[in-house]
Amino acid sequence: YYGEWSYYGQCTASCGGGTQTRTRTCTAPSYGGAPCHGPATESVPCNTDVYCPVDGYYGEWSYYGQCTASCGGGTQTRTRTCTAPSYGGAPCHGPATESVPCNTDVYCPVDGYYGEWSYYGECSVSCGGGTKNR
């Protein structure tokens with residue numbers, strides 16, 4: 001004959017569904033008695049309605065965008081999208097954007113220009129219509 005069922009043991013999973021098992025002991029028959037009939041263990045599902053945490057994760061990096069400057073150095077940026085965590089999972093780790101320098105070896109054109117006028121110099125002759133230069 002079987003003894004009493006034990007208490008159900010701990011669930012095999014804390015989330016996403018597991019099983020709990022209980023047992024009972026068969027006392028061996030004696031003097032021609034019949035053996036125990038039926039199972040010695042019994043299992044039931046548990047934690048089937050508890051969702052496991054899902055951590056956030058990033059998708060693939062985009063291509064780098066256009067340089068912010070055509071000369072003199074600028075930056076190019078690329079991005080990636082975070083799929084949000086669920087059921088208490090951890091957030092995405094790391095940056096969602098990344099920038100690199102670009103066009104740092106391309107010099108920008110510089111137009112020529114005049115400085116301020118200097119003062120007039122001495123007259124080229126002391127009389128009779130000379131010129132002053134500056």
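Since the structure is predicted, the reported quantities are computational estimates derived from the model, not experimental observations.
Pairs passing the salt bridge (Lys or Arg N to Asp or Glu O under 4.0 Å) check and including a residue from residues 7-18, sequence neighbours excluded, do not occur. Pairs of residues two or more places apart, or lying in two chains, that qualify as ring-ring contact (aromatic ring centres under 6.0 Å, His included) and include a residue from residues 73-111 are Tyr51-Tyr87. The list of salt bridge (Lys or Arg N to Asp or Glu O under 4.0 Å) pairs with a residue in residues 10-20, not counting sequence neighbours, is empty.
A search for side chain to side chain donor-acceptor pair (under 3.5 Å) contacts involving Ser43 returns Thr21, not counting sequence neighbours. In this structure Thr48 satisfies the side chain to side chain donor-acceptor pair (under 3.5 Å) test with no other residue, sequence neighbours excluded. Under the side-chain contact (heavy atoms from CB on, under 4.5 Å) criterion, Cys36 pairs with Tyr2, Cys26, not counting sequence neighbours. Here Val54 pairs with Ser86 under the side-chain contact (heavy atoms from CB on, under 4.5 Å) rule; sequence neighbours left out. With sequence neighbours excluded, the residues satisfying side-chain contact (heavy atoms from CB on, under 4.5 Å) with Thr83 are Tyr57.
Taking each heavy atom of Arg80 and Gly59 in turn, the nearest pair found is CB-O, 3.8 Å. A pairwise comparison of heavy atoms in Ala13 and Gly18 identifies CB-CA, 4.1 Å as the closest pair.
For the pair Pro85 and Pro53, the minimum side-chain heavy-atom distance is 4.5 Å or more.
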Hey, can you pull the donor-acceptor pairs under 3.5 Å for the side chains in residues 60-68, sequence neighbours left out?
from: Ser62; atom 1: OG; to: Thr79; atom 2: N; distance (Å): 2.9
from: Ser62; atom 1: OG; to: Thr79; atom 2: O; distance (Å): 3.3
from: Tyr64; atom 1: OH; to: Arg78; atom 2: NE; distance (Å): 3.4
from: Tyr64; atom 1: OH; to: Glu98; atom 2: OE1; distance (Å): 3.1
from: Thr68; atom 1: OG1; to: Thr75; atom 2: N; distance (Å): 2.9

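A donor-acceptor contact shorter than 3.5 Å is absent between the side chain of Asn103 and the backbone of Gly72.
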